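Please read the structure below before turning to the comments.
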Amino acid sequence: MDPDLVLEGVATGAVVLASQLPGPTSLSIRTDVVLDVGCGTGQLALPFASRVRSVTGMDPETDMLRLARDAADTQGIRNATWMLGADTDVPAPRTLLGERSPAVTGIGQALHWMHEDLFRAVTPLLRRGGGIAVISNGTPLWLQDSAWSHALRGCLEEWFGTTLEASCGTSSHDRLRYAQTLESAGFVDVRELAVEYSGELTFHQLFGGVCSAIPADQWPGPDDRAVFAERIRQALPTDERFTEHVRVTTLLGRVGVVDA
């Protein structure tokens with residue numbers, strides 16, 4: 001996406017949660033590695049950087065990786081690396097990171113369009129005692145109970161020619177399904193933690209939240225992206241603040257018995 005149209009801080013609550021949690025296992029600043037699958041602009045990967053040896057972010061979009069790299073440079077983070085790849089490429093980090101290397105694999109908002117076999121693919125990557133953190137950043141922006149959210153939903157439905165009802169992996173039903181899938185993939189001690197917050201979004205943050213929820217193959221083409229942004233801007237109430245009420249949930253699971 002055009003960097004002028006990409007949002008700063010879409011996953012505020014997820015960042016807070018990631019920053020406060022030690023992860024499913026104790027982390028070592030000397031030896032441990034964190035892998036963020038579907039890393040986007042690094043909003044989950046970067047908070048871990050000061051607490052582990054290195055973080056690796058993986059995303060299928062070069063624009064997102066470029067923004068993640070820029071964010072790391074701005075924050076003075078030197079132990080983050082970025083890898084081009086989709087969820088189906090998850091076995092590839094073994095070559096870069098080594099067998100049984102990551103202590104934690106984090107999966108954020110991108111989970112709603114990743115295949116569920118991802119959990120099984122992650123398991124062989126993790127070191128003994130390692131684990132997974134599946135983070136969901138609340139109700140989608142177009143399904144919240146506010147005038148601006150209703151207007152946003154109408155605009156998006158008109159643009160894409162479809163009814164928007166999907167929860168993007170944030171509903172209680174989705175979380176239960178993910179928890180059961182984690183257990184069937186061999187993770188143990190699966191549990192959920194949550195944090196709630198409210199905050200005001202700028203238009204750029206709101207637009208970035210929308211873009212982060214759109215699969216890459218459905219993004220407007222380069223010539224239509226500015227038009228898409230302006231269409232949304234014109235649809236929203238001009239006299240209303242974009243206040244977002246969010247409940248961020250994290251599913252934590254620890255990898256089961258690992259062969260030596």
Side-chain angles (χ1 to χ4, degrees), residues 10-27 32-48 51-52 55-60 64 68 83 85-91 93 102-127 129-140 166-197 209 212-213 215 246-256 258:
V10 190
T12 303
V15 172
V16 172
L17 197 54
S19 300
Q20 292 178 348
L21 290 175
T25 181
S26 298
L27 296 177
D32 276 335
V33 174
V34 169
L35 172 65
D36 182 4
V37 179
C39 67
T41 59
Q43 292 162 315
L44 297 181
L46 295 178
F48 279 109
R51 301 160 60 216
V52 294
V55 294
T56 296
M58 184 175 177
D59 199 90
M64 293 294 131
M83 175 185 296
D87 52 305
T88 51
D89 299 315
V90 162
V104 176
T105 293
I107 306 171
Q109 283 292 86
L111 185 65
H112 64 279
W113 52 265
M114 292 179 176
H115 61 89
E116 293 189 7
D117 288 343
L118 174 65
F119 297 152
R120 295 187 185 278
V122 163
T123 306
L125 297 176
L126 294 165
R127 70 155 167 80
I132 192 169
V134 179
I135 300 175
S136 170
N137 199 26
T139 305
S167 63
C168 296
T170 63
S171 70
S172 58
H173 178 269
D174 290 329
R175 296 196 305 274
L176 176 60
R177 178 163 50 89
Y178 293 149
Q180 292 171 339
T181 307
L182 283 172
E183 291 173 343
S184 67
F187 289 95
V188 299
D189 300 334
V190 176
R191 65 193 189 280
E192 180 178 290
L193 298 177
V195 62
E196 296 187 17
Y197 75 98
S212 70
V246 182
R247 185 176 189 268
V248 182
T249 60
T250 298
L251 283 172
L252 299 177
R254 183 169 53 83
V255 72
V258 175

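This structure is a prediction, so every number in the text was calculated from the model and none was measured. No hydrogens, no waters, no symmetry mates; every other heavy atom, side chains included, goes into these values.
- Heavy-atom minimum distance, R254 versus G129: CG-O, 4.0 Å.
- Nearest approach of P93 to M58, heavy atoms of both residues: CG-SD, 3.9 Å.
- Taking each heavy atom of A179 and V190 in turn, the nearest pair found is CB-CG1, 4.0 Å.
- Nearest heavy-atom pair across A68 and G40 is CB-O, 3.7 Å.
- For the atom pair CG (D59) and CG (D89), the distance works out to 11.0 Å, reported to the nearest 0.5 Å.
- Atom-to-atom distance recorded for T250:OG1 and L193:CG is 6.5 Å, nearest 0.5 angstrom.
- Scanning all heavy atoms of the two residues, the minimum distance from T123 to F187 falls at OG1-CE1, 3.5 Å.
- Between atom CZ of residue R191 and atom CG of residue L182 there is a gap of 12.0 Å, rounded to the nearest 0.5 Å.
- Pairing each heavy atom of G42 with each of P47, the nearest pair is O-CD, 4.1 Å.
- If you take CZ on F119 and CG on D87, they are separated by 11.0 Å, rounding to the nearest 0.5 Å.
- Side-chain contact between T249 and Y178: absent, with no pair of heavy atoms (C-beta onward) separated by less than 4.5 Å.
- Within the model, atoms OG1 of T181 and CG of L118 stand 11.0 Å from one another, a figure rounded to the nearest 0.5 Å.
- For the pair D36/V55, no side-chain contact is recorded, criterion being any heavy-atom separation below 4.5 Å from C-beta on.
- To the nearest 0.5 Å, atom CD1 of residue I132 and atom CG of residue L126 are 7.0 Å apart.
- The main-chain N or O of S184 is found under 3.5 Å from a side-chain atom of R120 such that the two form a donor-acceptor pair.
- Checked by atom type and distance alone, the side chain of D32 never pairs as donor or acceptor with a backbone atom of V52 at under 3.5 Å.
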